[in-house]
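Step one of this worksheet: look at the structure below.
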Amino acid sequence: MDFTYDDEQDALRDAVRGLLTKAYGDFEQRRQTTKVDPGFSEKTWTQMAEMGLLGLPFSEDDGGVGAGPVEIAIVCQELGRVVAPEPYLHAVVLAGGLVAACGSAEQRGELLGALSAGERLLAFAHDEPGSRWAATASGVSATEDGGSWTLSGTKEPVVQGARADTLVVSAQLPDGGTGLFVVDGEAATRTGYPTYDGGRAAKVVLDSTPATPLGEPGRDLASSIATILDLGRIMAGNQAIGAMEVALRQTTEYLKSRKQFGVPLSTFQALTFRAADMYVSLELATSLVQWATMVVESGDPDAVRDAAARAGLQVSRAGRHVGQEAIQLHGGIGMTAEYAVGSYTSVLTMLEHLLGDGSHHLTGLSERITDHEDLDPLAIA
Amino acid sequence: MQLALSAEDQKFREQMRTFFTTEVSEDIRRAVIEGRELTKEQIVESQQTLNKAGLAVPHWPTEWGGQDWSDLQRHIWNEEMQRAGVPTPLAFNASMIGPVLAQFGSQEIKERFLPKTANLDIWWSQGFSEPDAGSDLASLRTTAVKDGDDWVVNGQKTWTTLGQYGDWIFTLVRTDPDVKKQAGISMLLIDMTSPGLTVRPIELIDGGHEVNEVWFEDVRVPAENLVGELNSGWTIAKFLLGNERVGVAPVGTTKRILARAKSLAGERASEPLLAARIAELENDLLALELTALRVVAHSADGEPHPASSVLKLRGTELQQAVSELMVDLAGPASIASGAGGDSALDEWTHHTTPTYLNLRKASIYGGSNEIQRQIISRTILGL
């Protein structure tokens, strides 16, 4: 049992931190970047590609690096620390992850090679009006005619759906089940808009739009989708703990420097105790997220599902607590867009609702409480 | 990063599990699991069983019965013990005065006290708190004045846990009234049968007798019972209280009780609100256990990781929350705390409310949770 990074992982973290600090160390740079479409820096994205970050999870045969979940987690934590707007989670972890898990060798080589090189942006078009974090699709239907497939229906919100070159779309199959399809971005009708966290999302309308099945045509891939969503939950958790760590640090620095009634705010115990409670929330969430990241390595989908729900629940509780208190302890300045801390709270809110909120995960865990006597975190290995 | 225990630690864990579930008296473990109060004899018997196998004081120096274990192995030992319902070795002996004597005591004091302390042949009491010195311990007023070869002690200690069983008491006394309050304190070991020493019970809200007042009226204590240097009591106390916080989050016990709550709930465990409450507690406990493992993995040179304050704070909160759950599970039966053997109610229900009330202490002792927040905000956050 070991909770520390090895030398290579330390080096990766330092390199990613260096790149992202240069890009967004000054919060104003992040603000300017998110003001204009596509809401992230193409230059930073290219630099991430050059560093090998976009191909991190994919095998070398597919044009990637073949790294494990701990390395992906390191990148996500660093993205969270500067609330970087780059769509790593959506394009690499989710869309890329599905191509890697379900695509044919040819599709993997083509799509993942281009994604890793920063040449082609993927988006995962899965959420539908009315859906709540399901692994299945019902609002978009797939139709086959003589070996050619088309899709019809609406996906929204699709993160970076307007900018994406290629969409990975989930759709209901003619014989039931949920399949995955590759759709050229230009072939869909896309209406993009900004989101509260500085990101971009889109409504994607498909109307007999030509689509290529990902992997074997007609196969139900709901369980693959579920597993990738679980991985996404854990990586979103890593991004959240990076963000919480910095939100707490900004808050403590503010308490030390801001004077009221002639003394620093840190002389008021009512405030320092609340900061201490934020630290407790952060530490506990960090423990669960690190553990869940290690569970991913076990490769057991049931264990990963359970760990993702547990991490999701803890991150939901901690993210709301840390985010809300960070603004409150800053006072009015915390409400302004120019000052960073409010954006951290926005991003924490987005991360929670991207892949399942606390109530969603708690409901699932509650239904399974009689499956075990007590939890043994070391038993999953 | 690596989740699995090494083969060696895995084997160690199985050894501990086997020992605790087969070598410690089934009656005693059953009493712990059912939530019954243990007798003094049961606590002594259990510790002596552990001590015979070298498992009572593994964190002591090896020459005094300790084991050369890693921090992780100590953690596993502690967790498995709690999981099996084995009473943990008496904290006053094993975690508090033992390590202090091994660190600060003279060779004579070590030889005289340490073996008997490990084996619970001596039952130690703690004489720190006073009516006007709780969290502000340095304000204590009990005095010790030198008279020939003796110290003459006068004053009052309070909250002396299980003092009614105590053979000896380790005591902080004021030996110099004229210096800064932290600088004039010493530690004395006092035989509780000494003339002038009186133990008076304090009744608590759970109806039990667990704590006491201890009065000293011209109690004569031989000079050689001073621990360490004269007026070094504050340093010793900080060392002792630092040890006290380590392992103070009873994760194993709380997990065992929560698992039991699920089985006692039976079909009700599927009621949505109850199920959610249990699931949330399980998740919080998992986060706490993993945090304990991170602290264990990162503690350097025996110094506790700063986040150990998180363990005390959250560990006691969850311990209290699970005791509250048990009361709610018992429902109206929880009122029947005084029911005897002919009660028609399940026996476990009798213990739920006294335990819940008793555990309100957990966020007060060992450095109150407000003190822990203070430590976190000052030491970790630099506020």
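What's counted below: heavy atoms across the whole structure, side chains too, no hydrogens, waters or symmetry copies. Just so it is clear, the structure is predicted and the values come from calculations on it, not from any experiment.
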Is it the side chain or the backbone of B:Thr291 that comes within 4.5 Å of chain A heavy atoms, both, or neither?
-> both
Largest heavy-atom contact set with chain A, pairs under 4.5 Å, which of B:Glu289, B:Arg314, B:Glu282, B:Arg277 = B:Glu282
Provide the closest heavy-atom pair for B:Arg294 versus A:Ser287 in the form atom of the first, atom of the second, distance.
-> NH1-OG, 2.8 Å
Give a yes or no on this: more than 12 heavy atoms of other residues, nucleotides or ligands lie within 6.0 Å of atom CD of A:Glu373.
-> no
CG/B:Asp136: more than 12 non-hydrogen atoms of other groups inside 6.0 Å = yes
Under a 4.5 Å cut-off applied to non-hydrogen side-chain atoms, are B:Leu286 and A:Trp291 in contact?
-> yes
Can you see which heavy atom on A:Lys256 is nearest to which on B:Leu381, and at what distance?
-> NZ-O, 3.9 Å
Whether over 12 other heavy atoms sit under 6.0 Å from B:Asp68 CG | no
Could you look at B:Glu370 and say if it's the side chain, the backbone, both or neither that has a heavy atom under 4.5 Å from chain A?
-> both
Side chain, backbone, both or neither of B:Glu280 within contact of chain A (heavy atoms, under 4.5 Å) = both
Can you tell which part of B:Leu72 gets under 4.5 Å to a heavy atom of chain A, answering side chain, backbone, both or neither?
-> side chain
Between B:Arg260 and chain A, which part of the residue has a heavy atom less than 4.5 Å away: side chain, backbone, both or neither?
-> neither
Can you measure from CD1 (B:Ile376) to CG (A:Asp277) and round to the nearest 0.5 angstrom?
-> 7.5 Å
Chain B interface, residue from A:Ile369, A:Asp374, A:Leu365 that has the most non-hydrogen pairs under 4.5 Å | A:Ile369
Exam field: side chain B:Asn283 to backbone A:Arg310, donor-acceptor pair closer than 3.5 Å = yes
Tightest non-hydrogen contact, residues B:Arg373 and A:Ala276, listed as O-CB, 3.6 Å
Is it true that the side chains of A:Glu297 and B:Gln2 contain a donor and an acceptor less than 3.5 Å apart?
-> no
Pair count under 4.5 Å, heavy atoms only, with chain A: among B:Ser6, B:Ser270, B:Gly382, B:Ser263, highest is B:Gly382
Which of the residues A:Glu253, A:Arg249, A:Glu367, A:Gln290 is involved in the greatest number of heavy-atom pairs with chain B at under 4.5 angstrom?
-> A:Gln290
Max heavy-atom pairs within cutoff under 4.5 Å with chain A, candidates B:Arg256, B:Arg83, B:Glu79, goes to B:Arg83
Could you tell me which portion of B:Arg378 (side chain, backbone, both or neither) has an atom closer than 4.5 angstrom to a non-hydrogen atom of chain A?
-> neither
Pick from A:Leu313, A:Thr267, A:Thr293: which one has the most heavy-atom pairs with chain B under 4.5 Å?
-> A:Leu313
Leading residue by heavy atom contact count with chain A [cutoff under 4.5 Å; candidates B:Ala292, B:Ala275, B:Ala269] = B:Ala275
When rounded to the nearest 0.5 angstrom, what is the spacing between CD in A:Glu283 and CD1 in B:Ile380?
-> 7.0 Å
Checking A:Leu248 against chain B: side chain, backbone, both or neither under 4.5 Å from a heavy atom?
-> side chain
Quick one: does B:Lys255's side chain have a donor or acceptor within less than 3.5 Å of a partner on A:Leu375's backbone?
-> yes
Which residue out of A:Met294, A:His361, A:Arg274 racks up the most heavy-atom pairs below 4.5 Å with chain B?
-> A:Met294
Atom group of A:Arg317 that falls short of 4.5 Å from chain B, counting heavy atoms = side chain
For B:Gln10, is it the side chain, the backbone, both or neither that has a heavy atom under 4.5 Å from a heavy atom of chain A?
-> neither
If you count heavy-atom pairs under 4.5 Å with chain B, which of A:Leu362, A:Leu265, A:Val280 comes out on top?
-> A:Leu362
Are the side chain of B:Lys262 and the backbone N or O of A:Thr370 linked by a donor-acceptor pair below 3.5 Å?
-> no
Matching residue for A:Leu378 among B:Leu5, B:Asp9, B:Leu290 - test: side chain to side chain contact (heavy atoms under 4.5 Å, CB included) | B:Leu5
